[in-house]
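Computed from a prediction, not measured in an experiment: that's the story for all the values here. Each chain gets a letter, A, B and so on, in the order the sequences are listed, and its residues count up from 1.
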Protein chains: 2
Amino acid sequence: MTSKPNVRQPSHVACRDCSLSSLCLPLALSLQDIDQLDRIIKRGRPLKKGEHLFLEGDPFTSVFAVRSGAIKTYTATNEGEEQITSFYLPSEILGLSGMDTDVYPVSAQAMETTMICEIPFDQLETLSDRFPELRRHMMRLMSKKIREDQQMMMLLSKKNADERIATFLINLASRFRRRGFSSQSFRLSMSRNEMGNYLGLAVETVSRVFTRFQKNGLIYAVGKEIEIRDPVQLCSLAGGKSVDLEQIISSA
Amino acid sequence: MTSKPNVRQPSHVACRDCSLSSLCLPLALSLQDIDQLDRIIKRGRPLKKGEHLFLEGDPFTSVFAVRSGAIKTYTATNEGEEQITSFYLPSEILGLSGMDTDVYPVSAQAMETTMICEIPFDQLETLSDRFPELRRHMMRLMSKKIREDQQMMMLLSKKNADERIATFLINLASRFRRRGFSSQSFRLSMSRNEMGNYLGLAVETVSRVFTRFQKNGLIYAVGKEIEIRDPVQLCSLAGGKSVDLEQIISSA
DNA sequence: ATACGACTTTGAGGCCACTCAATGACGTCC
DNA sequence: GGACGTCATTGAGTGGCCTCAAAGTCGTAT
C-alpha cells in the first residue's frame, strides 16, 4: 500500500505550534489557555485511506479536528446504500452532531491518509466551564454547521446539476483559500462517485457536467486535479449570496 | 384588523406553570433555576398570520420558543423566490442558527396566530455561565438540529415524491404526539405550496400525491385537516431509521 | 348573498437527470 | 509486462417530476 514515503510531518505538534490553530481554535484563547486545551488532545497514528475514525452508532466520546488529509461522513439509507453527509478538510471539526444522542449519527472514514486531533468531549466540557470563549466557539461551530447544512438543502431542492457542481467547486476553492492554498488549482480528495452521492446526482451526470464545463472553458480537469479557469462565470452559475463567492472572484 | 376576539390565552404564563416546559427546558433545572430563566423571558403580543418575528439580516439578539401557533423560517434564493428551511411548532426553539454571524440567516414568519417566548441571547449566555445544564441543553438543541437537517438532506437527495410526503407527515405526527396531541389526526398549518417548497416538490406534485395516498387508503385529507389511516404503510413508505416511526406505529 | 382572491386539484406535454450498457483510462498486484 | 479491478467517460433510451393551463373549491370581505 504505502510503497511511497509518507509526507514528512511530525505526528505530535502542539496546538500553539500548529499552523491551523488560527482556524480551528477560538482566537480569544491565550497561549496559556491553549496549552491547557493542548494537554487534553489525543493525537493518534495517521489513518490510511478507507480506515474509519468512528462508526455510526459508536458511543460519542470525542470531537475531532482534521490536521491533514480528508474525511467523509456518511450514513446508510434504508436500502443500505451510503449517503455522504459531509467532507472535512484540514482545520475543520467533526463529530459535534453526536452530542445529544450519545452515539455518532454517522460514520467517518478517511478518503486519503489523514491525521487527526482527538478532543475527548467530557474534558472539553470541563474546560469549557472555565473558558467561556471556548464554549462560545463550539456553539458558533455548530451554528455555522446549521447554516451550511441549510445552504446544502437549498442546493438539493432548487439547483440543477450544473449549479450544484459549480457551487461545490466554488465552496471547495473557498475552503482551500482559507487555509492559504490556491483557490484556483487544487486536488479533489473525493471520487466522482462520492461527489455525485453528496450532491444528489448520478456519477454519469457529474462526469458529463465536468466535460461540459471543460469544453466551455470554466475549468480544466485531469482526474482529481482541478483548475478553475473562469471563476467569475463559475460563481455566477453557483449563484448564492455566500461571501465565499466574492472572495474567490476577488482572488482570481 | 382585530375584529375577532383573541383566542383566550393568558399572555404571560410563567415557565414553571407552562405546559410545554418539560419540552422546551432542560429537565435538570430546579424550580428555582427555572424562575431565574423565567425572569429574562420576554413575552410579546401574539403574532398574526403573516407577521414576521425577525427578518433575514436583522441583528441577532434572541432565541425564541413557540408557545402556540406555528412559525416558518425561510431564505431568499438567488432568483428572489422563497425557500422554506423549517417549520416550528409549539415548544420548539428557533433562532439558534444566527449565533455565529450576529445576524439571522433566515426570516421567521407566523403561519397562523402565534405566541412566542423571547429569550435575549446575551442574558441567556450569562445565565448559562451559572447553569451548566442550561448550556448543555442549548448545545443538545443545536446538535439535534444538525441531525434533523441531515435527515432532510437525505430526503432531498434520495427520496421520491411519495417518500418525501410520507416522511413529512410521519414527522409531523410524531411532533404532535410528543406534545400530547393525536398523532393520527391533526391540522396542517402550512399550505400545499409551502409543503412543496419545503420538500423540494411542485405544488401540483404534492396535490397529486395527496390524492393518490387518499385513494390507497393511507390518509384521509380535507383541506388542511389530515387523518393518518394506515400509519404502518405510511411509515414503511417514509423509510428511515428514525425512532419516530416506530413510536407512531405503536400508537396506532 | 355575492364577488373576489387565494388556494387546490386535475390534465397534457416536455425536459432533465437517471438507468443501463459499453468502452476507455488509470493504478495495482502478481 | 500483462492482467485485473476500480474509476471515469460517453451514448441511448426512459421515466418522474416540472411547467403550463384551466377548472374547481374555499374563505373572506363587502
If I take atom NZ in residue B/Lys49 and atom C1' in nucleotide D/dT28, what distance separates them, rounded to the nearest angstrom? 11 Å
Of residues 185-196 of chain B, the positions that come close to DNA chain C - non-hydrogen atoms, cut-off under 4.0 Å: B/Ser191, B/Arg192, B/Asn193
For B/Phe54 and B/Tyr104, take the angle between the two ring planes, folded into 0 to 90°, and tell me which bin it lands in: parallel under 30, tilted 30 to 60, perpendicular over 60. parallel
Less than 4.5 Å apart, any side-chain heavy atom of A/Phe186 and any of A/Arg175? no
Interatomic distance where CG belongs to B/Leu199 and P belongs to D/dG16 [whole Å]: 19 Å
Return the minimal non-hydrogen interatomic distance between A/Glu92 and A/Leu89, and the atom names on each side. OE1-N, 2.7 Å
Lys NZ or Arg CZ of B/Lys72 over B/Tyr74 ring: under 6.0 Å, within 45°: yes
Without decimals, in angstroms, what is the distance between B/Lys48 NZ and D/dT28 P? 15 Å
Using atom CZ of A/Arg164 as one end and atom P of C/dC16 as the other, report the distance to the nearest whole Å. 14 Å
Reported CE-to-CE distance for the pair B/Met152 and B/Met154, which is rounded to 0.5 angstrom: 12.5 Å
Counting distance only, does the side-chain N/O of B/Asp149 pair as donor-acceptor with the main-chain N or O of A/Gln150 below 3.5 Å? no
A/Val222 or A/Ala202, whichever maps to the more 5' nucleotide of DNA chain C: A/Ala202
Whole-Å distance separating the NZ atom of B/Lys158 from the C1' atom of C/dC18: 12 Å
How close do B/Pro90 and B/Arg67 get, counting heavy atoms only, and between which atoms? CB-O, 3.5 Å
Rounding to an integer number of Å, can you tell me how far B/Leu201 CG sits from C/dT8 C1'? 16 Å
Could you state the CG-P distance from B/Leu156 to D/dG16, rounded to the nearest angstrom? 19 Å
Please determine if A/Lys144 and A/Glu148 form a salt bridge, counting it only when a charged side-chain N lies under 4.0 Å from a carboxylate O. yes
OP1 or OP2 of D/dC26 sitting under 4.0 Å from any side-chain N/O of B/Lys224? no
Check: B/Lys49 main-chain N/O paired with B/Glu112 side-chain donor or acceptor under 3.5 Å: no
Could you please name the option among C/dC20, C/dC18, D/dC20 that lies closest to any side-chain atom of B/Glu204? D/dC20
Have a look at the helix from C/dA1-D/dT30 to C/dC30-D/dG1 and give the angle its two end axes make, five pairs each, rounded to 10 degrees. 40°
When you measure from every atom of DNA chain C, which of residues 205-218 of chain A have a heavy atom less than 4.0 Å away? A/Thr205, A/Arg208
Between the CG atom in B/Leu96 and the OG atom in B/Ser62, the distance rounded to the nearest 0.5 Å is 11.0 Å
In whole Å, what is the span from the NZ atom of B/Lys159 to the P atom of C/dC18? 18 Å
Under 3.5 Å donor-acceptor, B/Thr167 side chain and B/Glu163 backbone: yes
